[in-house]
Amino acid sequence: MFISFLIYPIGVHANGTSFLEDSSSPSGHVLPMEEGIVRINKEKIMIDIANDSSRGFFDMDNPPLVANIQVIYEIVNETKEMMDVPIAFPQPGDSYQWNITLDGENVPLSGKVKMDTSDLTGGNLHKEWVHPRTNENYVFSGYDALSKVSLESKTFNIQLKAKESHELQINYEAGLGIDETRSLHPVYRLDYLLYPASYWSDFKDLSIQVKVLPKSFVHTNLSLKQNDKDTYVAEFTELPKENLVLFISPSSGVVIDLFHSRGTALFFLVLWTIMFLITHWKVLPKMKNKILRQGISLALLFLSLFIGYDILSHKLLGYPFTTFQFIVFIGYVILLCFVWVLSSRKRGGGD
C-alpha cells in the first residue's frame, strides 16, 4: 500500500505528472540596430542538440538538453565607405560560451538591449506545441518567453570594409524549453527567430542543419528533410515566412521507451514484480534441474533490476514526489533480492 501511494500520488498537479518547468527561449538572427546598406549573401545555421554534460549517473531526472549553435554569415558592405555596424542578437534564455568572430578576428559582446517581441518575430508566433512522438498539437499553459512584450538581445559592433565580403561567425550554447506534463517523455523546444533577417537590405541563401541525439523523435514547422538518421537539413533561396521551431523527444532508456503514459509504465512495473514473485515461489521450485533453475533465477533477478532502474530513473512519480523515486528504487531492489534469497533457500534446502 505504501509503494502504491508513492507510485500513484494523490492531489498533485496534472494527475501526478511533473510540473511545467520552462517554455521556449528563442535564439535569433543578427539584427542591424541602425539603417544601412548591408546585405547578407549567405547564412548557414548549424544546431547540434546534446545532453548537458554536467549530469551525474545517479541524477534521476530527464536529461536537460542544450543546443550548440553555430551561425555563419557572408555579409557585404555595399557602400563606398567603411561602416561601423551595431548589431543585436536575440537570445533571452540561458546561453553560454559565446564566441563571435569577423573574418577570424574576435568580436567582444558590448552589452544587452531589450527589443519589442513583435519586431523580432514579425507577429508570427508558433504558440502551439507539438509532441513529436504522437504529432499531437496542444497548448502549453506555463511560462512562455515569446509572450513577453520585449526580449533581451546581445549586442556587439563590427566594422565592414567598403565593397567587400566578410564572414561573421557566432557560436554559443543555449538552453531549450521543456514541458514534462504532457506524457511520460518530455518535450523540448527550441525557437530560432529568422524574421530579423528581413531588416537587412537583402537576404539570400539560407542553409539549416540540425543534429539531434540518436533515435530522437523530431518535429519541425519548416520543411527540414532527414539527411541521415540523426541530421535534418534544408536549403532556402529566400527568407522563410515562419521562424524555425524545433520539438524534440529524445529516446530514453530501453524498456521505458516502449511506453507513452506514466500509468502504463508503472502498471507494467507492478505486473513484472508480481510475475517475479510468482515465478520464484511457484514455478522454479517445481523444476528438477538444479543448474537450470539457478541460472533462470539469477537471470530473472538481473533482468528485473535492469527494468526497475530503467523505469524508475525517469520522472514517474511527478511533482512533488520526484525525489522519492530513488527511495522507491532502493525498496524495489531490496524486495527482489529478499525474495530471491528466500526462494533459493526454500528450493531444495541449500541450493
Please give the remaining members of the hydrophobic cluster of M46, linking ILVMFWY side chains under 4.5 Å, ordered by chain and number.
I72

Verify the distance criterion only: is there a donor paired with an acceptor across the side chains of H260 and T134 at less than 3.5 Å?
no

I need the minimum non-hydrogen distance between F329 and L305, along with the two atoms involved.
CE1-O, 4.1 Å

Please check if atom CE in M275 has more than 12 non-hydrogen atoms from other residues, nucleotides or ligands closer than 6.0 Å.
no

Approximate separation, where rounding is to 0.5 Å, of I75 CD1 and M83 CE:
11.0 Å

Only counting residues at least two apart or in another chain, list the ones meeting side-chain contact (heavy atoms from CB on, under 4.5 Å) with Y172.
S27, I69, F89, Q91, S95, W98, I170, A174, Y192

Check: L194 main-chain N/O paired with N243 side-chain donor or acceptor under 3.5 Å
yes

More than 12 heavy atoms of other residues, nucleotides or ligands under 6.0 Å from NZ of K114: yes or no?
no

Would you confirm whether H126, through its side chain, and E128, through its main-chain N or O, come within 3.5 Å as a donor-acceptor pair?
yes

Begin from the C-alpha positions of Y73 and H29 and carry the test ring pair (Phe, Tyr, Trp, His ring centres under 6.0 Å) through to its verdict.
CA-CA 10 Å; Y73 304 92; H29 194 284; 5.0 Å; yes

Which residues pass the side chain to side chain donor-acceptor pair (under 3.5 Å) test with W200, sequence neighbours left out?
none

Output the distance between atom CD1 (I87) and atom CZ (F156), rounded to the nearest 0.5 Å.
4.5 Å

Which atom pairs, one a donor and one an acceptor, fall under 3.5 Å between side chains of residues 229-236 and the rest of the protein, sequence neighbours left out?
unit_1: T231; atom_1: OG1; unit_2: D228; atom_2: OD1; d: 3.1
unit_1: E235; atom_1: OE2; unit_2: S207; atom_2: OG; d: 3.2

With sequence neighbours left out, what residues match H166 under ring pair (Phe, Tyr, Trp, His ring centres under 6.0 Å)?
none

For the student: nearest non-hydrogen atoms of F276 and S304, plus distance:
CD1-OG, 3.3 Å

Heavy-atom closest pair (N157 atom, V107 atom, distance to 0.1 Å) is O-CG1, 3.3 Å

Between D310 and V254, is there a donor-acceptor pair closer than 3.5 Å when you use the side chain of the first and the backbone of the second?
yes

Taking only residues two or more places apart in sequence or in another chain, which ones pass side-chain contact (heavy atoms from CB on, under 4.5 Å) with D257?
R133, H185, S251, S252

Taking atom CG of L271 as the centre, report whether more than 12 heavy atoms of other residues, nucleotides or ligands fall under 6.0 Å from it.
yes

Could you tell me the separation between the CZ atom of R189 and the CD1 atom of I248, rounded to the nearest 0.5 Å?
12.5 Å

Nearest heavy-atom neighbours spanning L269 and G308
CD1-CA, 4.1 Å

In N68, V218, V66, L176, the residue satisfying side chain to side chain contact (heavy atoms under 4.5 Å, CB included) with I49 is L176

Closest heavy-atom pair and its distance - L206, P240:
CD2-CD, 3.7 Å

Neighbour count above 12 (heavy atom, 6.0 Å) for Q97 CD
no

